[in-house]
Amino acid sequence: MEDIDAIDKEKLIHIKDKIYGVSNSLQETFDIKTHFNKHSASIIFFTENPDPVEISIVFKKDVYRVTYWDGYGVTEFYDYDNLNKGLKKFFKFVDKAKSNIEKFGLK
């Protein structure tokens, strides 16, 4: 497996810091799990639903795919060629998940 270059490592550290920062603040209110590796990052909100809410971003060569799964049947995904735009959408999806869980309860 080829090693990623220094710029990619710096991007990964930046992403990881942002995601874990949000994750730490979410853990005060929600039961969540954060997953991060060099190919993807995700935040999973555990609720009573056996198929939990999940927001993820997948790092591909030329695209960042951001996906939102509501746990019931609605999946949204967007592809971005810019990391910052992808992260912005990722965090908007996190806010959407928080809002839906607070509005409709932990179901």
**Message:** Using modelled atom types and a 3.5 Å cut-off, is there a donor and acceptor pairing between side-chain atoms of Asp70 and backbone atoms of Gly73?
**Reply:** yes

**Item:** ILVMFWY network linking Val66 to Val58, side-chain heavy atoms under 4.5 angstrom
**Value:** no

**Tyr80 six-ring centre to Lys85 NZ/CZ under 6.0 Å and within 45° of normal** = no

**Co-membership, hydrophobic cluster, residues Ile57 and Ile32, 4.5 Å side-chain** = yes

**Prompt:** If two hydrophobic side chains count as joined below 4.5 Å and joins carry through other members, does Phe36 share a cluster with Leu83?
**Reply:** yes

**Item:** Near-ring test Phe45/Phe30, centroid separation under 6.0 angstrom
**Value:** yes

**Request:** Begin with the C-alpha distance, continue with both residues' side-chain angles, and end with the deciding distance and a verdict on side-chain contact (heavy atoms from CB on, under 4.5 Å) for Tyr68 and Phe77.
**Result:** CA-CA 6 Å; Tyr68 173 82; Phe77 70 90; over 6 Å; no

**Request:** Might you point out which heavy atoms bring Phe90 and Ala41 nearest each other, and give the distance in Å?
**Result:** CE1-O, 4.1 Å

**Request:** Would you name the heavy atoms of Val53 and Ile55 that are closest together and state the gap between them?
**Result:** CG1-CD1, 4.2 Å

**Prompt:** Should Lys92 and Asp95 count as an ion pair when the cut-off is N to O under 4.0 Å?
**Reply:** no

**Asked** Under a 4.5 Å cut-off applied to non-hydrogen side-chain atoms, are Ile44 and Phe46 in contact?
**Response** yes

**Request:** Answer yes or no on whether Lys89 is positioned over the face of Phe93, meaning its NZ or CZ is under 6.0 Å from the six-membered ring centre and within 45° of the axis.
**Result:** yes

**Fill in**
To the nearest 0.5 Å, atom OG of Ser42 lies from atom NZ of Lys33 at 8.0 Å

**Atom of Pro52, atom of Pro50 and distance for their closest heavy-atom approach** = CD-O, 3.4 Å

**Message:** Restricting to non-hydrogen atoms, name the atom on Asn37 and the atom on His39 that form the minimum distance, rounded to 0.1 Å.
**Reply:** OD1-N, 2.6 Å

**Fill in**
Contacts satisfying side chain to side chain donor-acceptor pair (under 3.5 Å) that involve residues 17-29 (not counting sequence neighbours) are Ser23-Thr34

**Request:** Could you tell me which non-hydrogen atom of Asp81 sits nearest to which non-hydrogen atom of Tyr64, and how far apart they are?
**Result:** O-CE1, 4.0 Å

**Item:** Qualifying salt bridge (charged side-chain N to carboxylate O under 4.0 Å, His left out) pairs, either residue in residues 49-67, two or more places apart
**Value:** Arg65-Asp79

**Message:** Take a 6.0 Å sphere around NZ of Lys96 and say whether it holds more than 12 heavy atoms from other residues, nucleotides or ligands.
**Reply:** yes

**Message:** Using side-chain heavy atoms (C-beta onward) and a distance below 4.5 Å, is Trp69 in contact with Val74?
**Reply:** no

**Item:** Smallest separation among heavy atoms of Phe59 and Lys38, with atom names
**Value:** CD1-O, 3.4 Å

